[in-house]
Amino acid sequence: MSVTVFPSAANEQPTARQQPERASLLIVEDSSTLALYLEQFFEAEGYTILGVYDTAEEALINMRRLSATGCEPDGVLMDIVLAGEMDGVEAARVILQRYKSAVVFLTGLRDVDRAVDVQPHAYLSKPFEMHQARAVLRIALQHRRLENELKRKQEELEALNATLEQRVQERSEELLRVEREKNAVLSGLKDVVVFSLSPDMDILWTNAPRSMFPEVAGGAITGAQYDKLFKSNNGSANGNVVKRALESCAPAEGEVVTMDGRSWFAHCNPLFDRYGHVTRLVQVMMDISERKRSHQEMEKLHYSLAEAHGELMEAYRHTIEGWARALELKDKETEGHSRRVVNMTLELARALGIEGEELTHIEHGAILHDIGKMGVPDDILLKPGKLNDEEWMTMRRHPEYAHEWLSAVPYLQPAMTIPYCHHERWDGRGYPQGLSGEDIPFAARIFAVVDVWDALISDRPYRQAWPTEKATAYIREQSGKQFDPRVVEAFFEYDIPRIASNSAARVVELQRHCAGPF
């Protein structure tokens with residue numbers, strides 16, 4: 001093939017302004033001279049030459065290889081008349097169908113018609129100058145980039161349209177489902193009424209039966225003024241719940257009363273447009289008339305039960321105090337002892353953070369701490385001297401007697417820990433169970449310190465009362481042995497003997513004036 005290439009054009013060096021973005025080329029030309037010119041020229045222009053071939057078959061094989069490795073060329077300079085069996089037109093047709101490369105034909109005049117049929121991105125009629133080839137190739141590459149971008153955008157648009165259509169379909173189905181569920185719920189809830197209201201409080205829609213508002217002319221609730229259908233508890237017109245929702249632009253709730261005297265709990269929710277203006281209000285109401293009547297009856301019943309419970313608690317207290325008084329009458333040694341230890345135990349328990357109902361149980365337990373002695377024979381209980389071993393064994397059973405008796409009284413079971421466990425020791429050498437450390441109930445550990453303290457500073461038939469200093473030294477010495485160290489520390493830190501002594505004096509003075517029982 002005869003090819004004319006103008007040397008001045010072939011040797012032309014591109015300026016910085018002419019320098020293209022780095023692109024890759026494939027050259028398919030059976031003229032080795034022209035192929036060499038093209039390769040050298042476009043390499044000088046900054047292009048990457050991926051291959052130079054003289055047959056269409058070889059070019060297509062390498063196109064597949066390059067595409068598979070992600071190196072598909074940006075452009076192909078394709079001669080039409082080639083050395084192999086396949087010409088450039090058929091090869092270009094394959095490339096344009098399968099790949100994203102731009103195709104520029106290198107043609108003679110007689111091949112132009114066939115070249116146009118394939119719709120290449122550009123073509124150069126031989127002979128041509130290299131500056132023409134440069135310009136035509138740039139146009140072809142830009143054309144192909146625009147085609148590829150348009151195709152990508154079309155694919156994205158198609159995918160987006162498909163997604164939107166799917167979402168529209170799903171949303172439509174969801175709205176239909178919600179509407180069906182709403183209608184099903186509203187039809188099944190006899191005591192729930194829904195109002196859709198305008199910002200002017202006109203009723204736009206409601207499922208309320210017409211019989212609910214017999215005073216509405218013609219029975220047409222839609223279009224009526226909402227606040228004309230209700231009254232407050234004092235009988236005045238009432239649209240307060242809706243008005244509060246309008247004024248605050250936030251949900252509001254409260255109680256409303258219809259003209260027939262029924263009470264309703266109402267929750268009103270404002271709906272907004274995109275500018276933040278209230279366009280509609282939805283109010284849901286539930287009939288609470290029966291519930292209010294039941295609540296009022298329950299309040300009366302609760303008040304009656306509270307009174308009965310108070311009377312029962314008072315009866316229990318009198319019973320407990322009566323038992324303690326009966327023991328004092330039997331055992332003069334305990335006379336006054338119970339009152340003192342109760343006062344000190346309560347003060348110490350408060351200092352250790354105990355309060356409420358637990359404090360009441362501790363008080364009852366302290367009052368009844370020696371109730372088990374009612375089961376000890378008088379000749380042992382009232383013996384003026386020291387007990388022998390057999391007598392002592394009998395005396396030591398009084399916590400078990402207390403446990404046996406108090407277990408049968410459910411009300412006193414929480415108070416039983418003191419009568420049953422106040423003779424246990426921190427070191428485990430106490431009775432009746434031999435408990436140790438924190439296995440001993442806390443209330444019993446508190447009471448044990450108070451009980452021993454009062455016994456030491458009180459006169460007994462078999463010894464004189466100890467001085468306060470000696471009793472203090474003994475209690476401190478038994479910390480960690482007989483007593484819980486934490487309780488001993490609090491006992492002296494809060495000066496429980498003095499506080500309890502002052503409290504006991506006030507109780508005695510009060511009893512002297514009132515002549516009441518212990």
Side-chain angles (χ1 to χ4, degrees), residues 1-5 10 20-43 45-152 154-155:
M1 176 183 293
S2 175
V3 177
T4 300
V5 178
E21 296 181 6
R22 192 163 186 84
S24 58
L25 292 178
L26 203 68
I27 300 173
V28 188
E29 170 61 55
D30 66 345
S31 169
S32 57
T33 302
L34 179 56
L36 180 59
Y37 271 119
L38 291 170
E39 181 180 11
Q40 291 176 346
F41 177 79
F42 284 111
E43 278 186 343
E45 288 284 315
Y47 290 86
T48 299
I49 307 303
L50 299 179
V52 180
Y53 310 101
D54 60 357
T55 67
E57 290 84 358
E58 190 175 7
L60 291 177
I61 291 172
N62 282 277
M63 279 292 294
R64 285 195 296 271
R65 177 181 58 80
L66 291 170
S67 179
T69 58
C71 299
E72 187 175 307
D74 297 298
V76 178
L77 297 177
M78 177 72 71
D79 190 10
I80 291 181
V81 179
L82 296 170
E85 295 183 3
M86 179 183 290
D87 65 5
V89 174
E90 291 303 317
R93 197 187 307 277
V94 172
I95 291 172
L96 290 171
Q97 289 175 351
R98 298 181 183 178
Y99 306 109
K100 296 180 179 179
S101 305
V103 175
V104 178
F105 275 132
L106 308 177
T107 71
L109 291 176
R110 61 187 176 84
D111 299 317
V112 169
D113 291 340
R114 293 186 61 215
V116 170
D117 289 341
V118 180
Q119 295 184 344
H121 295 90
Y123 63 87
L124 284 165
S125 296
K126 299 176 182 179
F128 54 81
E129 295 183 359
M130 285 303 179
H131 70 86
Q132 292 176 320
R134 177 204 304 135
V136 168
L137 180 59
R138 286 181 180 174
I139 293 171
L141 291 176
Q142 180 64 18
H143 184 191
R144 188 56 167 169
R145 275 196 293 270
L146 292 175
E147 280 184 347
N148 292 335
E149 180 67 15
L150 179 59
K151 183 177 181 182
R152 186 180 65 81
Q154 287 176 335
E155 290 173 350

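Small disclaimer: the values here were computed from a predicted structure and weren't measured.
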ask   = Can you name the closest pair of heavy atoms from M86 and E57 and give their distance?
value = N-OE2, 2.9 Å
query = Which is it for E29 and L77 under the side chain to side chain contact (heavy atoms under 4.5 Å, CB included) test, yes or no, and what are the steps along the way?
reply = CA-CA 8 Å; E29 170 61 55; L77 297 177; over 6 Å; no
inquiry  = If the condition is ring pair (Phe, Tyr, Trp, His ring centres under 6.0 Å), which residues does Y53 pass it with, not counting sequence neighbours?
reply    = none
ask   = In Å and rounded to the nearest 0.5 Å, what is the CD to CG distance from Q142 to D74?
value = 11.5 Å
task = State, to 0.1 Å, how close F105 and G88 come at their nearest heavy-atom pair, and which atoms those are.
result = CE2-O, 3.6 Å
remark   = Minimal heavy-atom distance between V104 and A140, with the atoms involved, is CG2-CB, 3.4 Å
task = Kindly determine whether R93 and V89 satisfy side chain to side chain contact (heavy atoms under 4.5 Å, CB included), including the steps that lead there.
result = CA-CA 6 Å; R93 197 187 307 277; V89 174; 3.9 Å; yes
message = Could you check whether any side-chain N or O of S101 sits under 3.5 Å from a backbone N or O of P73, counting only pairs where one atom can act as donor and the other as acceptor?
response = yes
remark   = In terms of heavy-atom contacts, L60 and A91 come closest through CD2-O, 4.0 Å
message = So, taking the atom named CZ in R144 and the one named NE2 in H121, what distance separates them when rounded to the nearest 0.5 Å?
response = 4.0 Å
key: Cationic N near anionic O, under 4.0 Å, E72 to K100   = no
Within 6.0 Å of CD in E85, more than 12 heavy atoms from elsewhere = no
Stepwise side chain to side chain contact (heavy atoms under 4.5 Å, CB included) check, Y47 with R22 = CA-CA 5 Å; Y47 290 86; R22 192 163 186 84; over 6 Å; no
query = Could you state the interatomic distance from SG (C71) to CE (M63), rounded to the nearest 0.5 Å?
reply = 11.5 Å
request  = Mind listing the closest non-hydrogen atom pair of F42 and I49 along with its distance?
outcome  = CB-CD1, 4.2 Å
request  = Only one of D87, D54, V28, T55 passes side chain to side chain contact (heavy atoms under 4.5 Å, CB included) with L82; say which it is.
outcome  = V28
query = Given V103 and L96, is the side chain to side chain contact (heavy atoms under 4.5 Å, CB included) satisfied, shown in steps?
reply = CA-CA 7 Å; V103 175; L96 290 171; 3.7 Å; yes
key: CA sep, side-chain torsions, deciding dist, call: R65, N62, side chain to side chain donor-acceptor pair (under 3.5 Å)   = CA-CA 5 Å; R65 177 181 58 80; N62 282 277; 2.9 Å; yes
key: Rounded distance [0.5 Å steps], CG in L124 versus CE in M78   = 14.0 Å
query = Counting only N and O atoms by type, is there a donor-acceptor contact under 3.5 Å from the side chain of T69 to the main-chain atoms of L66?
reply = yes
Nearest-0.5 Å distance, CG of residue L38 to CG of residue L137 = 10.0 Å
query = So how far is it from L50 CG to I27 CD1, rounded to the nearest 0.5 Å?
reply = 9.5 Å
ask   = Salt bridge between R152 and E149, side-chain N to carboxylate O under 4.0 Å?
value = yes
